[in-house]
Structure formats: structure tokens, C-alpha cells
Amino acid sequence: EALLRIAARSRRWKDAVSILEQALCRVESDDRLLSFALLGEIATIYDRFLRDKEMAVEAYRRLLEATDGELAPHRAAVEALARLYEEQADWPRLADILVRLVVQAESVAARISHLGRAARLHEEKLGDPAGAISIWREVRGTEPLDEGALQALDRLYVASGDAASLVEVVKCRVLRASAAGEVAGKRALLLRVAEISERDLSSLTEAAVAYQEILDFLPEDREGLGA
């Protein structure tokens, strides 16, 4: 930190990196915390002061390889690399680093957020809808009725023509609409269940069940009665 303050006053950031690299070479192999601290300062200088993204990425990778996944420097390196990869539009490496963010998430909400980010990356940047589907399914493994996951899977299954998976997702969206008291939304979703069941799955029984559920809470619904 003292070196950073001196470098800040003199603006001699490259000299500071050189001194830190020399110090790193002299660190005893068992003094891991000092190594982590020096690597962190090197990465910080490249990232924040020299604005050299390539060298910052390299420094953060060195820190990532040197640290244990449970240590704060490791987590900071992962977060920094995610930011830098996104700025560089390095989508494959960002996808890899997001896996680490998911692993180190400290709450269910953070885990779902990182998974959602990874799923959108696979769909929108990597052109990998199958990968996106797999990740959204992982979200549902944590939170079965997550609305973001359900909406995304709805869209992806429509695009892929996976009617069996689509109808299961739409049924889950019915449950959410019902719990939220969204009568019109629930009706529209049940109609979709009926249509998919009848048209794509040739299941008149499932279609009839969906129509009957509409009549159970909207007995005056003529379209439902007509079914």
C-alpha cells in the first residue's frame, strides 16, 4: 500500500510493477499471503492505473491460479476477470469465469443471478441455446418457480420445438399466476397448455384437464365451455 501511495504521487506505475515483481521473486514459497498481496497489487496497477487490460487479465489469472477458492483474493480475482472479459467481449472466457462466480456465490439470490447471467451469455453471445437451457434448468433446481428461468425456458422451448418440455414449463407458470391472483394471466396460460397438449402432443386428455381448470375458476367462460 505504501508503494502504491508513492507511485500515485509520482505516476511511475511501471516502476512500481517492476519493484513488485522483483519482490514477488524473493518471497519464500511458504509465504503465500504475501505472494497473494503482491499479485493483487500488480493486478490493481495494470487494471486501475495503467489501464492495460491485457496485462491486468494476465495478472489476475496469476492470482487466480495461486490462491485457494475460499480466500478473498481468489474471489476478487474472479470478479475482476468477469468484468474484464465482458469489457473485451471475450465471451468463451467469460462463460468459464461465470462458473467460478456461481461456485463462490454466498447466497441463493447471488447464485441465481450468476446462473441467469451465464444462461443469457450462452443464448445471446455464444449462440448456444442448448447450453442456455441447461443453465436455466439448474436455476430451477434451486428455485423451481423462478420467473426469469420459466420465461426464458418458455421462449427457448418454443424455438426448439420441444413441446413436452414447453408444456411442463407453462404449467409451472400457471402455478405462479394462480399464486399471484392473476386471473387473466392464468387463463391465457391454461389455454396455451390446452393448445400445446392437443396440437403438438396429441393429448386430448391433458387439453381437457386444462379447459376444465379454466371452467373451475371461470365457469362463465364460453370459450372454455366450447372446448
Side-chain angles (χ1 to χ4, degrees), residues 17 32 35-166 168-170 172-173 176:
V17 169
R32 299 180 68 214
S35 295
F36 302 160
L38 293 171
L39 283 168
E41 289 191 0
I42 292 168
T44 297
I45 290 173
Y46 279 124
D47 188 8
R48 293 175 51 193
F49 302 112
L50 291 175
R51 304 291 183 183
D52 187 333
K53 293 182 180 180
E54 292 295 334
M55 292 303 295
V57 165
E58 178 61 28
Y60 282 124
R61 282 182 186 160
R62 290 167 64 193
L63 180 56
L64 196 64
E65 291 169 2
T67 55
D68 188 282
E70 296 302 314
L71 295 175
H74 182 98
R75 294 195 294 271
V78 170
E79 291 166 0
L81 283 170
R83 171 176 52 78
L84 288 165
Y85 287 148
E86 185 161 21
E87 290 174 0
Q88 295 175 316
D90 190 339
W91 308 128
R93 282 179 173 162
L94 177 58
D96 289 341
I97 212 69
L98 286 176
V99 173
R100 293 178 182 261
L101 279 174
V102 170
V103 170
Q104 71 182 34
E106 296 181 342
S107 68
V108 171
R111 173 180 166 80
I112 289 175
S113 176
H114 294 317
L115 284 169
R117 184 180 175 190
R120 288 188 291 273
L121 176 68
H122 277 267
E123 181 182 2
E124 298 168 9
K125 302 298 184 182
L126 296 175
D128 179 19
I133 286 171
S134 177
I135 295 169
W136 284 122
R137 283 175 171 168
E138 190 173 349
V139 172
R140 291 196 62 207
T142 300
E143 181 52 68
L145 295 182
D146 181 82
E147 181 62 11
L150 291 174
Q151 289 182 356
L153 286 170
D154 190 321
R155 179 183 67 256
L156 289 161
Y157 287 142
V158 167
S160 68
D162 186 347
S165 295
L166 175 60
E168 187 271 332
V169 163
V170 178
C172 288
R173 296 189 67 191
R176 279 189 60 92

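Only this structure's heavy atoms are used, side chains among them; waters, hydrogens and symmetry mates stay out.
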Minimum side-chain heavy-atom gap [X]-[Y] below 4.5 Å:
X: Tyr157; Y: Ile133; answer: yes
X: Tyr60; Y: Val57; answer: no
X: Cys172; Y: Glu168; answer: yes
X: Gln151; Y: Arg173; answer: yes
X: Leu64; Y: His74; answer: yes
X: Phe49; Y: Thr44; answer: yes
X: Ile112; Y: Glu143; answer: yes
X: Leu94; Y: Gln88; answer: no

(request) Check the pair His114, Gln104 against side-chain contact (heavy atoms from CB on, under 4.5 Å), reporting the backbone distance first and the verdict last. (result) CA-CA 10 Å; His114 294 317; Gln104 71 182 34; over 6 Å; no
Salt bridge check, [Y] against [X]: does any charged N sit closer than 4.0 Å to a carboxylate O?
X: Asp146; Y: Arg140; answer: no
X: Glu86; Y: Lys125; answer: no
X: Arg111; Y: Glu138; answer: yes
X: Asp47; Y: Arg83; answer: yes

Distance check, rounded to the nearest 0.5 Å: [X] atom [atom1] versus [Y] atom [atom2]?
X: Leu84; Y: Glu79; atom1: CG; atom2: CD; answer: 12.0 Å
X: Asp154; Y: Glu147; atom1: CG; atom2: CD; answer: 9.0 Å
X: Leu101; Y: Asp96; atom1: CG; atom2: CG; answer: 11.5 Å
X: Glu58; Y: Leu81; atom1: CD; atom2: CG; answer: 10.0 Å
X: Leu38; Y: Arg62; atom1: CG; atom2: CZ; answer: 10.0 Å
X: Trp91; Y: Leu98; atom1: CH2; atom2: CG; answer: 10.5 Å

Shortest non-hydrogen separation from [X] to [Y] and the atoms involved:
X: Ser113; Y: Arg120; answer: O-NH2, 4.4 Å
X: Leu126; Y: Ala95; answer: CD1-CB, 3.9 Å
X: Ala119; Y: Ala132; answer: O-CB, 3.4 Å
X: Leu150; Y: Pro144; answer: CD2-O, 4.0 Å
X: Ala66; Y: Leu39; answer: CB-CD1, 4.0 Å
X: Gly116; Y: Val139; answer: N-CG2, 4.5 Å

(message) Is there a side-chain contact (heavy atoms from CB on, under 4.5 Å) between Ile135 and His122? Walk through the geometry before answering.
(response) CA-CA 9 Å; Ile135 295 169; His122 277 267; 3.4 Å; yes
(request) Go through the steps to decide whether Arg155 and Ser160 satisfy the test side-chain contact (heavy atoms from CB on, under 4.5 Å), and finish with yes or no. (result) CA-CA 9 Å; Arg155 179 183 67 256; Ser160 68; over 6 Å; no
